[in-house]
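Before any comments, here is the structure.
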Protein chains: 2
Amino acid sequence: MTIQEPATARPAGRPRSEKAEKAIIDATLDLIGEGTGLVELSIEAIASRAGVGKTTIYRRWSNKEDLVADALATLQAPLPRLAGVSVRDDLIVLLDSMRSEAGQVRTRCVMNIAFSESDRYPRLMERFVDIAVEPRRQAMREVIRRGIASGELRPDIEVEMSMAILSGAMIWHHKWGPADGLPADLAERIVDHLLPGLAA
Amino acid sequence: MTIQEPATARPAGRPRSEKAEKAIIDATLDLIGEGTGLVELSIEAIASRAGVGKTTIYRRWSNKEDLVADALATLQAPLPRLAGVSVRDDLIVLLDSMRSEAGQVRTRCVMNIAFSESDRYPRLMERFVDIAVEPRRQAMREVIRRGIASGELRPDIEVEMSMAILSGAMIWHHKWGPADGLPADLAERIVDHLLPGLAA
DNA sequence: TCGATACGCAACAGTACCGTTTCGAAATGG
DNA sequence: CCATTTCGAAACGGTACTGTTGCGTATCGA
């Protein structure tokens, strides 16, 4: 009976500051967003940016990888709502959400990391893929499958290959396209350029 | 009359060792090929790997960027010969050369750098693009233009967009495809998947 | 032979970050 | 009030690299 709420039992003593925790995560994302690679990203810089002692960081995360993983997990942008009417429209919405996210500094640098440091931080990347990449992949997969089922797309196209082509085109522009933002109608142009080859 | 050959006049004293120079370049490429990013790449590590004093490096290059730029310049892989018969065959050859180069460790890591560190080392990337990317881009551009001229491709396709799609698909696989090497027929599958939409 | 330059090597002071420890102050429950 | 825990700040010893300098040796032209 003395035990009331074991799940929320406070362990006595000063509670951890949620403000500090948020500041640490924000500082981490800020630094990554400014182009700091994972290797150069230092706990000291994060602490300084967050206005926090290093102790406060080490008390919560034992290493850089864990911290960054938690920080990236908070980025989880919402998936766009799909109308589900036409394949063309849905694909455009999906690709255009890639485009607009690519315009944000944070996403941009997270993508850089996903490209360059996947070899060095495999566990981190695995987690990042689960959180950010796979849901989008799944959404696009379903759009294409639905298109095949409805007869809008040829039944003999390879689903995964089509996804690779659509995403690849957007990634290519993201990386080597005009530096001053991608054109607003890019997603539309990509889809319309590809659809004739995929349509039934 | 005393001046004989100003261009090749040796400045008196011991000449610089070409062997050392080559060893430094090789060590640099080796380290990059092992996944060392530009930031972590240290002059000391290069000197140690090359069996060379740091002095010998600093005497030639005043900073890391210059050294890496010269090192990358030596990579210049030869462009594949194109038959020039059919657009399909030429595109497959071009994409397949991307595939096979992507299998080499050095190229793989150079591409990682091209993706991730282009913001941080813009001059370096500019040079890299001139040396390695632009010639391939130009080759593909000409294949597509020739295809349009010959009537193999629709006259209304956007050349640059088509290039982005073809290259993007290969890059996507390079980055997120199976880790144990890309399938041998990947280039063929990409081209055949896309060509129906581009053909006249 | 002599001057000049390059060589590999080792040492230098300087910088940055690591992960840990210590400090006094602040915040909580009993 | 007191025990406990966290807070920000500062300092610790340790590691790694920076760019520079001096050393003795090797290799060239004159």
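Fair warning: this is a prediction, and the values are worked out from it, not measured in the lab. Numbered from 1 within each chain, the chains take letters A, B, ... in sequence-line order. Excluded from the calculations below are hydrogen atoms, water molecules and symmetry mates; all remaining heavy atoms, backbone and side chain alike, are included.
Within residues 20-34 of chain A, no residue approaches DNA chain C, by heavy-atom distance under 4.0 Å. At a non-hydrogen distance threshold of 4.0 Å, B:Ser42, B:Ile43, B:Glu44 from residues 36-48 of chain B come into contact with DNA chain D. For the segment residues 54-62 of chain B, residues with any heavy atom less than 4.0 angstrom from an atom of DNA chain D are, sorted by number, B:Lys54, B:Thr55, B:Tyr58.
Scanning for side chain to side chain contact (heavy atoms under 4.5 Å, CB included) contacts around A:Ala50 gives A:Ala23, A:Ile24, A:Ala27, A:Val52, with sequence neighbours left out. Here B:Met170 pairs with B:Leu95, B:Met98, B:Arg99, B:Leu182, B:Leu186, B:Ala187, B:Ile190 under the side chain to side chain contact (heavy atoms under 4.5 Å, CB included) rule; sequence neighbours left out. B:Asp26 meets the salt bridge (charged side-chain N to carboxylate O under 4.0 Å, His left out) test with B:Lys22; sequence neighbours excluded. Scanning for side chain to side chain contact (heavy atoms under 4.5 Å, CB included) contacts around B:Pro80 gives B:Val93, B:Leu94, B:Ser97, with sequence neighbours left out.
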Quiz: residues 65-73 of chain A side-chain donor-acceptor pairs under 3.5 angstrom, not counting sequence neighbours:
from    : atom 1 : to       : atom 2 : distance (Å)
A:Glu65 : OE2    : A:Leu124 : N      : 3.4
A:Asp70 : OD1    : A:Arg127 : NH2    : 3.0
A:Asp70 : OD2    : A:Trp61  : NE1    : 2.8

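Distance check: B:Ile144 CD1 to B:Leu166 CG gives 5.5 Å after rounding to the nearest 0.5 Å.
Applying the side chain to side chain donor-acceptor pair (under 3.5 Å) test to pairs two or more places apart or on separate chains, those with a residue in residues 129-143 of chain A are A:Glu101-A:Arg136, A:Glu134-A:Arg141, A:Gln138-A:Arg141, A:Gln138-A:Glu142, A:Arg141-A:Glu160. The side chain to side chain donor-acceptor pair (under 3.5 Å) pairs that include a residue from residues 164-184 of chain B are B:Asn112-B:Lys175, where partners are two or more places apart or lie in different chains.
The side-chain heavy atoms of B:Glu152 and B:Arg146, taken from C-beta on, include no pair separated by under 4.5 Å. Using a 4.5 Å cut-off on side-chain heavy atoms (C-beta onward), A:Val39 and B:Val39 make no contact.
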Let me see the working for B:Val191 and B:Leu195 under side-chain contact (heavy atoms from CB on, under 4.5 Å), right down to the final yes or no.
CA-CA 6 Å; B:Val191 172; B:Leu195 217 50; 4.2 Å; yes
Does the pair A:Glu21 and A:Arg59 meet the rule for a salt bridge (Lys or Arg N to Asp or Glu O under 4.0 Å), with working shown?
CA-CA 11 Å; A:Glu21 191 136 340; A:Arg59 193 175 293 119; over 6 Å; no
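Along DNA chain D, the nucleotide nearest B:Ala12 and the nucleotide nearest A:Val52 are compared for position; the residue whose nucleotide lies closer to the 5' end is A:Val52. The 5' end of DNA chain C is approached more closely, in terms of each residue's nearest nucleotide, by B:Arg16 than by the other of A:Asn63 and B:Arg16.
Between B:Glu34 and B:Arg49 a salt bridge is recorded (basic side-chain N to carboxylate O distance below 4.0 Å).
C:dC17 atom P lies 10 Å from atom NZ of A:Lys64, rounded to whole Å.
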Collect all protein-nucleotide pairs involving nucleotides 23-26 of chain C in which both atoms are nitrogen or oxygen and the distance is under 3.5 Å.
from   : atom 1 : to      : atom 2 : distance (Å)
C:dA26 : N3     : A:Arg14 : NH1    : 3.2

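Heavy atoms of other residues, nucleotides or ligands lying less than 6.0 angstrom from CD of A:Glu126 number 12 at most.
A continuous path of Ile, Leu, Val, Met, Phe, Trp and Tyr side chains, each step under 4.5 Å between heavy atoms, connects B:Met125 with B:Val133, placing both in one hydrophobic cluster.
Taking five base pairs at each end of the helix from C:dT1-D:dA30 to C:dG30-D:dC1, the local helix axes there meet at an angle of 10°, rounded to 10°.
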